[in-house]
Amino acid sequence: VLSTLALLVVSAWTLHTIVLTGNTLLGQHPIAMLRSSPTQSHQQPPGGYLQAIVAADQMLPRTASVAVVNRTNFVQLYAYYWATYRMYPLRPVMADTTQAAAALVPDYILDIRDPQQPAAAQPPGYTTVNTSQYSDGTVMTVLAHA
Amino acid sequence: MPNPEMLLAIAGFLGFLLICHVIGCVILLAVRLNVPGVVPPYALLGCAALGLQLWAYGFAHIPWNVIVLLLPWAVASVLLRRGLIQTLRAQAACVLSLLRRLPSVDPLTSGLVAIAALVVIIAALNLLLRPVIAWDGVAFWFYKAKLYFVDQHIDLASSAFAAVPQIGAIRTPEYPPLYPLMVASTFVVSGSVNEALGTSINLLALIAVVPTMYSVVRRLLGRRLAVALVFLFVALPAATPFLIDGYYFGYADYVEACWLVLALLYLQAGESSGAADAMAVACAGGAALTKPEGTPLLVFVIAVLIMRRAWQWRQRRVFPARRTIVIAAACVLPVVIWHFTWLLTGTITPLMLNPDPLSLLPDLPSRAATIVGLLSGYPSRQNIYFWLALAVPLSLVLLAFDRFRTGRALAAAFLLQLLTYFAVYLFDPLDLVPHLQSSADRLILQLTPAVILLVAVSISPYVGLPGPEEAQSGRAQQEPRFTGNVDSQTKLHVSRPDCG
């Protein structure tokens, strides 16, 4: 009886997996995926903060010191992990405001904010070298030490 | 029209898979390790070897680049060319023979094979396209891979591993290095941080496990049931976040699950083969070097093997071959080195080390109830866990009814691993409920392929085929002689795949 039950379990488990897998596969768009560029999709992760860090990584010199001011809805811890991962060997530090960031005297300050947040205050000794906006409206201001 | 970059990425993955597969073949030819009837997970072994090679290069300050990385394997391939060519030819013939037989198999089997193939294709496209954005992937695994690749060595004293208490950032430097090193090996082969290829390690592990699992399970249950059970592994809904939807891309748990089931597969195959013992230890060593959960697995696998061989020695004065013991010891060595490496820094406190476990003693019953309560809710909340909840007790009951004449070692190692997870949660220094909610599904995933194996072994005495060894000489086995081809000139052991 038990062995029959076991066989029934394997059969039902397989059938259920077929159904679940079918659902998963039907939600996929392999042709569209084949037509996509891996490089482009890796350069444009979902979320303006993530895209801004990717852009900043390509923009900044490899030896610069960087402070990141995160004023988006990404939690600070994740924002730190993302910035340190994507920008390594740069070692960005996190700050709450551009003034607090300027106190660390980094070569560059990245102010990344949601569109409804006020524009970054420019701390003394820093000049704005670039401002860019991303698909979800997130704005990144790059401030360089004068 | 497909994107040329996508075609290039697919070709890159296939190329890396082939490189790892050949390296795996070279390693097994070099150490003359062959488990009759079991197809080894060549590509995963090869990829792990590349990772360990990079680790060793870091110690010796040898630069990490594709030439220095692959040159030793090219030389070894030339030296072992005769055996290697024979092995690859045999594998190609085996694949062709399987493909030729596909039209004649029953519709159910061919349907399962077709769906599994679709899963692999969809997984490949997703892994190549989606960036790593999940927490642990960004914070630990891919961060370390990039760190190692850029620095060209592992330096646990590096400030890049420093915690940032102000925001609660940690780097778990004590976590084993194999997964980031395997990812780093894809970067080295690509010459840059190629995230697409790095995430594809999960797919490489899946592809490597399939023939091993099929070859073991087919001997137990016959082709049709083996295909069904391997299908369950390939299409595992719990693995979707690691292979398709990207929720856990960059996490090491899927690779850990693959090492774990491989160790148990060889533990099962080892009932009739001493060479399988070395492979079981090698795969458990791979698990121990991939995630901390692998270390208890390695201990349990070794303990179970020692008990099994001690029993056989008592019964029949059969002792394992010295070469098996040496290979097994060599596989444990990197794990020991790793633990010494982080212990010797003297500054690393393991994330999961509870400094005062005794203080939790009065709370253990309530903590146990919390764990059981949360886990028992899984099957009703997410229907992918229902079958696991049913399969584990049913398998154990079936094995018990058969008086554990088979699957004894497998069941012991599985249960010990399960109990270890439970004990770790019991003494968890972190906040228990949030930790359970954020990690239990991944730990269950680690054990799920092993549950499939447990089911296969447990039903085999009732519905299965008599194994070739059992049919010939019963379960009592002495250290088996190599049964594959032996090249007369080079004395190389050539693995002949079982094309069932």
Side-chain angles (χ1 to χ4, degrees), chain A residues 1-25 27-47 50-51 54 62 70 75-89 91 93-94 96, chain B residues 1-3 5-9 111-112 115 118-119 121-122 125-126 128-133 135 137-139 142-143 146-147 150-151 159-160 164 166-169 195-196 225 228-229 231-232 235-237 240 244-245 383-384 386-387 390-391 394-395 397-398 401 455 458-459 461-463:
Chain A
V1 174
L2 273 173
S3 57
T4 311
L5 180 64
L7 273 180
L8 280 174
V9 167
V10 172
S11 309
W13 189 358
T14 308
L15 278 176
H16 188 215
T17 304
I18 291 171
V19 172
L20 292 176
T21 307
N23 277 341
T24 304
L25 293 179
Q28 301 293 315
H29 307 285
I31 303 297
M33 283 195 272
L34 268 174
R35 288 178 179 156
S36 309
S37 150
T39 310
Q40 204 173 0
S41 69
H42 284 266
Q43 298 293 349
Q44 293 178 338
L50 308 188
Q51 291 172 18
V54 172
R62 294 290 81 185
N70 167 40
V75 294
Q76 194 75 336
L77 180 57
Y78 183 83
Y80 171 75
Y81 281 143
W82 179 257
T84 47
Y85 163 56
R86 287 308 297 234
M87 299 179 82
Y88 193 83
R91 310 271 186 95
V93 291
M94 302 303 285
D96 293 330
Chain B
M1 184 70 183
N3 187 303
E5 255 190 57
M6 178 51 107
L7 294 180
L8 207 63
L112 292 180
I115 298 171
L118 269 178
V119 169
I121 291 166
I122 293 294
L125 293 174
N126 276 291
L128 292 172
L129 265 186
R130 290 175 187 264
V132 173
I133 54 169
W135 273 85
V138 168
F142 269 64
Y143 174 73
K146 191 171 180 183
L147 190 77
V150 172
D151 295 355
S159 59
V164 184
Q166 298 92 319
I167 53 172
E195 225 182 52
L225 268 173
L229 287 159
F231 167 78
L232 285 180
L236 206 60
T240 305
I244 293 177
D245 72 18
N383 55 11
I384 58 174
F386 170 76
W387 299 109
L390 193 63
L394 187 62
S395 303
V397 168
L398 284 173
F401 265 86
V455 169
S458 68
I459 61 176
Y462 307 95
V463 298

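Proteins come first, then strands; the chains are lettered A, B, ... in the order of their sequence lines, and each starts at number 1.
Heavy atoms only, all atoms of each residue included: B/P237 and A/L20 are closest at CG-CD1, 3.6 Å. Taking every heavy atom of both residues into account, A/M33 and B/M6 meet most closely at O-CE, 3.3 Å. Of all the heavy atoms in B/L129 and A/S36, the pair that sits closest is CD2-CB, 3.7 Å.
Scanning for side-chain hydrogen bond (donor to acceptor under 3.5 Å, both in side chains) contacts around B/N3 gives an empty result, with sequence neighbours left out.
Heavy-atom distances place both the backbone and the side chain of B/S159 under 4.5 Å from chain A. For a residue to count as touching a neighbouring chain, one of its non-hydrogen atoms must lie under 4.5 Å from one of that chain's; by this rule A/V75 touches chain B with the side chain only. The contact between A/T84 and chain B is made by backbone and side chain atoms together, counting heavy-atom distances below 4.5 Å. Residue B/D245: no heavy atom, backbone or side chain, is found under 4.5 Å from chain A. Both the backbone and the side chain of A/T39 come within contact range of chain B, judged by heavy atoms closer than 4.5 Å. For A/I31, no part sits under 4.5 Å from any heavy atom of chain B, backbone or side chain. If you measure heavy-atom distances from A/R35 to chain B, the contacts under 4.5 Å come from both the backbone and the side chain. Proximity to chain A is limited to the side chain of B/A9, based on heavy atoms less than 4.5 angstrom apart. In this structure, chain B has heavy atoms under 4.5 Å from both the backbone and the side chain of A/L77. A/T14 touches chain B through backbone and side chain together, each having a heavy atom under 4.5 Å away.
Contacts with chain A were tallied for B/L147, B/V119, B/T240; B/L147 has the most, counting heavy-atom pairs under 4.5 Å. If you tally non-hydrogen atom pairs under 4.5 Å between each of A/P46, A/S11, A/A12 and chain B, the highest count goes to A/A12. Top candidate by heavy-atom pairs under 4.5 Å with chain B, chosen from A/R86, A/Q44, A/Q40, is A/R86. If you tally non-hydrogen atom pairs under 4.5 Å between each of B/L236, B/V397, B/D151 and chain A, the highest count goes to B/D151. In terms of heavy-atom pairs under 4.5 angstrom with chain A, the leader among B/V150, B/I244, B/I115, B/I133 is B/I133. Contact count versus chain B (heavy atoms, under 4.5 Å) is highest, among A/L5, A/L25, A/V93, for A/L25. Of all the listed residues (B/L398, B/L232, B/L394, B/L8), the one sharing the greatest number of non-hydrogen pairs under 4.5 Å with chain A is B/L232. Among the candidates A/G27, A/G22, A/G47, A/P30, the residue making the largest number of heavy-atom pairs closer than 4.5 Å to chain B is A/P30. Of the listed residues (B/G168, B/A169, B/A391, B/G111), the greatest number of heavy-atom pairs within a distance under 4.5 Å of chain A belongs to B/A169.
A donor-acceptor pair under 3.5 Å is formed between the side chain of A/H42 and the backbone N or O of B/L128. Side chain of A/Q28 to backbone of B/I122: no donor-acceptor contact under 3.5 angstrom is found.
We find the CG-CD1 distance between A/L7 and B/I459 to be 5.0 Å, quoted to the nearest 0.5 Å. The distance from atom CD of B/E5 to atom OG of A/S41, rounded to the nearest 0.5 Å, is 9.0 Å. How far OG1 of A/T21 is from CG of B/L112: 10.0 Å, rounded to the nearest 0.5 Å.
The aromatic rings of A/W13 and B/W387 sit parallel to each other, their planes meeting at less than 30°, with 60° as the upper class boundary.
You'll find the side chain of A/Y85 reaches within 4.5 Å of the side chain of B/F142, heavy atoms only.
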